[in-house]
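Residues take their numbers from the sequence shown, with the count starting at 1. Remember, it's a predicted structure, so these values are computed and weren't measured experimentally.
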Amino acid sequence: MNKTLIITSKENFNEISFFVHQKGAKPIIAVIFSSNNIDIEKTFVDKAYLLISDNILDLDVNSIKKIIDFEKPSLIISDSTLLTKFVIAKLSIKLGCGVLTDCFDYKQEDKDIIALKYAYGSEAVAKLRLRSKIKIITLSKNKLDNRISGEKNTEYQYITPEYMNLIKKTYQELKQSKLPIDKANKVIGIGRGVDPQDFEIIKEFAHKINATIGYTRPVVCDGLGDCDFQIGITGKIISPKLYIAIGISGKEHHIKGVENAKTIISINKDPNAPIKEYSDYFICADYKKVIEILKDN
(Lines give C-alpha, C1' and ligand atoms only; values in the text may rest on other atoms or scores of the structure.)
Protein backbone atom coordinates (compact mmCIF):
# COMPACT_ATOMS: atom_id res chain seq x y z
CA MET A 1 0.00 0.00 0.00
CA ASN A 2 1.46 3.38 -1.03
CA LYS A 3 1.66 6.56 1.00
CA THR A 4 -1.46 7.29 3.03
CA LEU A 5 -2.49 10.74 4.20
CA ILE A 6 -4.87 11.24 7.14
CA ILE A 7 -7.11 14.31 7.44
CA THR A 8 -8.72 14.66 10.85
CA SER A 9 -9.37 16.85 13.86
CA LYS A 10 -7.13 16.62 16.92
CA GLU A 11 -9.98 14.89 18.82
CA ASN A 12 -9.96 11.89 16.45
CA PHE A 13 -6.27 11.88 15.51
CA ASN A 14 -5.12 9.11 17.88
CA GLU A 15 -7.91 6.72 16.95
CA ILE A 16 -7.75 7.14 13.19
CA SER A 17 -3.94 7.11 13.04
CA PHE A 18 -3.86 3.83 14.98
CA PHE A 19 -6.47 2.32 12.66
CA VAL A 20 -4.47 3.27 9.54
CA HIS A 21 -1.28 2.04 11.22
CA GLN A 22 -2.92 -1.37 11.73
CA LYS A 23 -3.61 -1.56 7.99
CA GLY A 24 0.15 -1.59 7.36
CA ALA A 25 0.32 1.73 5.54
CA LYS A 26 3.85 3.13 5.11
CA PRO A 27 4.59 5.96 5.34
CA ILE A 28 1.67 7.70 7.05
CA ILE A 29 1.25 11.49 6.84
CA ALA A 30 -1.33 13.41 8.88
CA VAL A 31 -3.06 16.76 8.48
CA ILE A 32 -4.57 17.72 11.83
CA PHE A 33 -7.08 20.53 12.43
CA SER A 34 -6.80 22.34 15.74
CA SER A 35 -7.82 25.67 17.25
CA ASN A 36 -4.56 25.77 19.21
CA ASN A 37 -1.12 24.22 19.31
CA ILE A 38 -0.97 20.56 20.32
CA ASP A 39 1.97 18.50 21.43
CA ILE A 40 3.05 15.63 19.22
CA GLU A 41 5.87 13.39 20.31
CA LYS A 42 5.21 9.73 19.64
CA THR A 43 2.34 8.77 17.37
CA PHE A 44 1.56 6.20 14.68
CA VAL A 45 2.39 8.58 11.82
CA ASP A 46 5.71 9.53 10.24
CA LYS A 47 4.95 13.19 9.66
CA ALA A 48 2.20 15.55 10.80
CA TYR A 49 1.06 18.96 9.56
CA LEU A 50 -0.84 20.96 12.19
CA LEU A 51 -3.31 23.45 10.70
CA ILE A 52 -4.01 25.96 13.43
CA SER A 53 -7.31 27.73 12.80
CA ASP A 54 -9.89 29.37 15.02
CA ASN A 55 -12.69 28.52 12.59
CA ILE A 56 -12.21 25.42 10.43
CA LEU A 57 -15.42 26.14 8.50
CA ASP A 58 -13.62 29.14 6.97
CA LEU A 59 -10.55 27.08 6.11
CA ASP A 60 -9.10 27.64 2.67
CA VAL A 61 -8.47 24.09 1.42
CA ASN A 62 -5.61 25.39 -0.73
CA SER A 63 -3.43 24.90 2.35
CA ILE A 64 -4.28 21.19 2.38
CA LYS A 65 -4.03 20.81 -1.38
CA LYS A 66 -0.46 22.15 -1.27
CA ILE A 67 0.42 19.47 1.27
CA ILE A 68 -1.15 16.79 -0.93
CA ASP A 69 0.69 18.09 -4.02
CA PHE A 70 3.96 17.88 -2.07
CA GLU A 71 3.43 14.50 -0.36
CA LYS A 72 1.66 12.81 -3.32
CA PRO A 73 -0.41 10.23 -1.38
CA SER A 74 -2.39 7.62 -3.27
CA LEU A 75 -4.94 7.26 -0.46
CA ILE A 76 -6.55 9.83 1.83
CA ILE A 77 -8.35 8.63 4.96
CA SER A 78 -10.44 10.84 7.24
CA ASP A 79 -12.98 10.58 10.01
CA SER A 80 -16.68 11.06 9.23
CA THR A 81 -17.49 14.04 11.40
CA LEU A 82 -19.57 16.77 9.76
CA LEU A 83 -16.66 19.16 10.06
CA THR A 84 -14.14 16.91 8.33
CA LYS A 85 -16.58 15.85 5.60
CA PHE A 86 -17.27 19.51 4.90
CA VAL A 87 -13.55 20.06 4.26
CA ILE A 88 -13.21 16.78 2.34
CA ALA A 89 -16.06 17.71 -0.02
CA LYS A 90 -14.37 20.99 -0.96
CA LEU A 91 -11.01 19.27 -1.28
CA SER A 92 -12.31 16.52 -3.58
CA ILE A 93 -13.54 19.16 -6.02
CA LYS A 94 -10.11 20.78 -6.16
CA LEU A 95 -8.43 17.39 -6.60
CA GLY A 96 -10.98 16.15 -9.13
CA CYS A 97 -11.52 12.85 -7.34
CA GLY A 98 -14.40 10.97 -5.75
CA VAL A 99 -15.13 10.24 -2.08
CA LEU A 100 -16.50 7.14 -0.34
CA THR A 101 -18.11 8.20 2.94
CA ASP A 102 -18.96 6.48 6.24
CA CYS A 103 -17.14 3.24 5.46
CA PHE A 104 -16.27 0.79 8.24
CA ASP A 105 -13.13 -0.67 6.68
CA TYR A 106 -10.89 -0.74 3.61
CA LYS A 107 -8.39 -3.18 2.14
CA GLN A 108 -6.10 -3.71 -0.81
CA GLU A 109 -7.39 -6.13 -3.43
CA ASP A 110 -5.75 -6.78 -6.81
CA LYS A 111 -3.59 -3.66 -6.50
CA ASP A 112 -6.69 -1.57 -5.85
CA ILE A 113 -8.24 -0.13 -2.70
CA ILE A 114 -11.63 -1.56 -1.75
CA ALA A 115 -13.82 0.26 0.78
CA LEU A 116 -16.43 -1.64 2.79
CA LYS A 117 -19.71 -0.02 3.78
CA TYR A 118 -22.88 -1.36 5.38
CA ALA A 119 -26.01 -1.30 3.24
CA TYR A 120 -29.71 -2.18 3.60
CA GLY A 121 -29.79 -1.33 7.30
CA SER A 122 -26.50 -3.18 7.96
CA GLU A 123 -27.96 -6.40 6.49
CA ALA A 124 -25.39 -6.37 3.68
CA VAL A 125 -21.86 -5.13 3.00
CA ALA A 126 -21.11 -3.16 -0.14
CA LYS A 127 -17.63 -3.36 -1.70
CA LEU A 128 -16.80 -0.01 -3.29
CA ARG A 129 -13.86 1.22 -5.31
CA LEU A 130 -12.75 4.52 -6.81
CA ARG A 131 -11.12 4.89 -10.21
CA SER A 132 -9.50 8.26 -9.51
CA LYS A 133 -5.73 8.54 -9.05
CA ILE A 134 -6.15 9.74 -5.46
CA LYS A 135 -8.74 7.87 -3.43
CA ILE A 136 -10.57 9.44 -0.47
CA ILE A 137 -12.36 7.34 2.17
CA THR A 138 -14.04 8.55 5.36
CA LEU A 139 -14.34 6.11 8.26
CA SER A 140 -17.35 5.85 10.53
CA LYS A 141 -16.69 6.72 14.18
CA ASN A 142 -17.78 3.35 15.59
CA LYS A 143 -14.93 1.65 13.71
CA LEU A 144 -12.16 3.67 15.28
CA ASP A 145 -10.27 2.16 18.21
CA ASN A 146 -9.83 4.38 21.26
CA ARG A 147 -6.02 4.22 21.27
CA ILE A 148 -4.25 7.12 22.96
CA SER A 149 -0.51 6.54 22.53
CA GLY A 150 1.85 5.89 19.65
CA GLU A 151 5.19 4.33 18.89
CA LYS A 152 7.03 6.60 16.44
CA ASN A 153 8.90 9.85 16.87
CA THR A 154 6.94 12.14 14.59
CA GLU A 155 8.23 15.00 12.49
CA TYR A 156 5.71 17.83 12.52
CA GLN A 157 5.25 21.44 11.55
CA TYR A 158 2.65 24.15 12.16
CA ILE A 159 0.82 25.58 9.17
CA THR A 160 -1.14 28.84 9.23
CA PRO A 161 -4.06 28.50 6.78
CA GLU A 162 -3.89 31.08 4.01
CA TYR A 163 -7.30 32.57 4.70
CA MET A 164 -6.15 33.87 8.11
CA ASN A 165 -3.83 36.29 6.31
CA LEU A 166 -6.45 37.38 3.81
CA ILE A 167 -9.54 38.09 5.89
CA LYS A 168 -9.89 41.06 8.18
CA LYS A 169 -12.61 41.04 10.84
CA THR A 170 -14.78 44.11 10.30
CA TYR A 171 -17.47 43.54 12.94
CA GLN A 172 -17.91 41.96 16.35
CA GLU A 173 -20.17 38.94 16.11
CA LEU A 174 -22.70 38.47 18.88
CA LYS A 175 -21.75 35.21 20.55
CA GLN A 176 -24.54 32.71 20.99
CA SER A 177 -25.00 30.49 23.98
CA LYS A 178 -22.38 27.75 24.23
CA LEU A 179 -24.97 25.45 25.79
CA PRO A 180 -25.04 22.23 23.73
CA ILE A 181 -28.04 22.38 21.46
CA ASP A 182 -29.43 19.07 22.70
CA LYS A 183 -29.44 20.47 26.27
CA ALA A 184 -31.15 23.81 25.53
CA ASN A 185 -34.73 24.51 26.61
CA LYS A 186 -35.25 27.04 23.82
CA VAL A 187 -33.90 26.61 20.30
CA ILE A 188 -34.27 28.74 17.19
CA GLY A 189 -33.66 26.88 13.95
CA ILE A 190 -32.36 28.75 10.90
CA GLY A 191 -33.10 27.31 7.48
CA ARG A 192 -32.11 28.13 3.92
CA GLY A 193 -35.11 30.46 3.67
CA VAL A 194 -33.25 32.96 5.85
CA ASP A 195 -31.05 35.53 4.13
CA PRO A 196 -27.51 35.19 5.57
CA GLN A 197 -27.49 38.96 6.07
CA ASP A 198 -30.33 38.49 8.58
CA PHE A 199 -28.57 35.94 10.77
CA GLU A 200 -27.49 38.69 13.19
CA ILE A 201 -31.11 39.81 13.63
CA ILE A 202 -32.09 36.28 14.62
CA LYS A 203 -29.07 35.91 16.91
CA GLU A 204 -30.02 39.14 18.69
CA PHE A 205 -33.54 37.79 19.16
CA ALA A 206 -32.16 34.47 20.43
CA HIS A 207 -29.94 36.34 22.89
CA LYS A 208 -32.95 38.28 24.20
CA ILE A 209 -35.05 35.18 24.89
CA ASN A 210 -32.03 33.12 26.04
CA ALA A 211 -32.31 30.61 23.18
CA THR A 212 -29.66 28.60 21.38
CA ILE A 213 -29.31 28.87 17.59
CA GLY A 214 -29.47 25.72 15.46
CA TYR A 215 -29.14 25.16 11.73
CA THR A 216 -30.50 22.88 9.03
CA ARG A 217 -28.10 20.71 7.08
CA PRO A 218 -28.13 22.92 3.91
CA VAL A 219 -27.14 25.96 5.98
CA VAL A 220 -24.23 24.06 7.53
CA CYS A 221 -23.16 22.65 4.15
CA ASP A 222 -23.12 26.20 2.76
CA GLY A 223 -20.61 27.07 5.48
CA LEU A 224 -23.02 29.44 7.22
CA GLY A 225 -23.69 27.44 10.38
CA ASP A 226 -21.66 25.58 13.00
CA CYS A 227 -21.87 21.82 12.40
CA ASP A 228 -22.01 21.25 16.18
CA PHE A 229 -25.39 23.00 16.10
CA GLN A 230 -26.87 21.16 13.11
CA ILE A 231 -30.36 19.78 13.74
CA GLY A 232 -31.72 16.61 12.16
CA ILE A 233 -30.94 12.96 11.52
CA THR A 234 -27.41 13.82 10.37
CA GLY A 235 -26.95 16.31 13.21
CA LYS A 236 -28.44 16.53 16.70
CA ILE A 237 -31.78 15.14 17.87
CA ILE A 238 -33.25 17.71 20.24
CA SER A 239 -36.28 17.93 22.54
CA PRO A 240 -36.48 21.53 23.82
CA LYS A 241 -39.50 23.04 25.52
CA LEU A 242 -39.71 25.55 22.65
CA TYR A 243 -38.49 25.24 19.06
CA ILE A 244 -38.87 28.16 16.65
CA ALA A 245 -38.24 27.22 13.03
CA ILE A 246 -37.43 30.15 10.76
CA GLY A 247 -37.25 29.70 6.99
CA ILE A 248 -37.31 25.91 7.29
CA SER A 249 -39.37 23.91 4.79
CA GLY A 250 -39.71 20.88 7.05
CA LYS A 251 -38.21 17.90 5.24
CA GLU A 252 -38.30 14.56 7.04
CA HIS A 253 -34.60 14.42 7.97
CA HIS A 254 -35.00 17.72 9.85
CA ILE A 255 -38.39 16.96 11.41
CA LYS A 256 -37.00 13.75 12.92
CA GLY A 257 -34.57 15.94 14.81
CA VAL A 258 -37.23 18.15 16.44
CA GLU A 259 -40.39 16.04 16.64
CA ASN A 260 -39.95 15.61 20.40
CA ALA A 261 -40.02 19.36 21.07
CA LYS A 262 -42.84 20.31 23.45
CA THR A 263 -43.93 23.31 21.36
CA ILE A 264 -43.00 24.04 17.74
CA ILE A 265 -43.53 27.49 16.24
CA SER A 266 -42.80 27.87 12.52
CA ILE A 267 -42.33 31.09 10.59
CA ASN A 268 -42.46 30.66 6.83
CA LYS A 269 -43.77 32.76 3.96
CA ASP A 270 -44.86 29.62 2.10
CA PRO A 271 -48.40 28.76 3.28
CA ASN A 272 -47.92 25.18 2.09
CA ALA A 273 -44.55 24.50 3.70
CA PRO A 274 -44.48 20.87 4.95
CA ILE A 275 -43.41 22.00 8.42
CA LYS A 276 -46.89 23.44 8.92
CA GLU A 277 -48.20 19.92 9.52
CA TYR A 278 -45.83 19.41 12.46
CA SER A 279 -46.18 22.85 14.04
CA ASP A 280 -48.24 23.80 17.06
CA TYR A 281 -48.28 27.35 15.72
CA PHE A 282 -47.63 28.25 12.07
CA ILE A 283 -47.02 31.89 11.13
CA CYS A 284 -47.18 32.61 7.41
CA ALA A 285 -45.33 35.90 7.15
CA ASP A 286 -42.01 37.63 6.59
CA TYR A 287 -39.77 36.42 9.42
CA LYS A 288 -38.18 39.86 9.85
CA LYS A 289 -41.54 41.46 10.59
CA VAL A 290 -42.45 38.68 13.02
CA ILE A 291 -39.13 38.95 14.87
CA GLU A 292 -39.51 42.73 15.19
CA ILE A 293 -42.92 42.25 16.80
CA LEU A 294 -41.67 39.53 19.13
CA LYS A 295 -38.61 41.58 20.14
CA ASP A 296 -40.83 44.44 21.30
CA ASN A 297 -42.97 42.20 23.52
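Ring planes of Phe104 and Tyr118: parallel class, angle under 30° (limits at 30 and 60°).
Between the side chain of Ser279 and the backbone N or O of Phe282 there is no donor-acceptor pair closer than 3.5 Å.
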Pair Asp105-Lys23, salt bridge (Lys or Arg N to Asp or Glu O under 4.0 Å): steps then yes or no: CA-CA 10 Å; Asp105 202 356; Lys23 307 301 290 186; 2.9 Å; yes
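In plain terms, the two heavy atoms of Ser78 and Ile88 that are nearest each other are OG-CG1, 3.7 Å. Across all non-hydrogen atoms, the minimal contact from Asn268 to Ile248 is ND2-O, 3.1 Å. In plain terms, the two heavy atoms of Val187 and Ala211 that are nearest each other are N-CB, 4.4 Å.
Of the N and O atoms on the side chains of Asp79 and Thr8, at least one donor lies less than 3.5 Å from an acceptor on the other residue. A donor-acceptor contact closer than 3.5 angstrom is absent between the side chains of Asp280 and Thr263.
Residues Ile264 and Ile237 are members of separate hydrophobic clusters, defined by side-chain heavy-atom contacts under 4.5 angstrom among Ile, Leu, Val, Met, Phe, Trp and Tyr.
When the side chain to side chain contact (heavy atoms under 4.5 Å, CB included) test is applied to Glu277, no partner is found at least two apart in sequence or on another chain.
Under a cut-off of 6.0 angstrom, the local environment of CD in Glu109 is crowded, with over 12 non-hydrogen atoms contributed by other residues, nucleotides or ligands.
No side-chain heavy atom of Ile137 sits under 4.5 Å from any side-chain heavy atom of Thr101.
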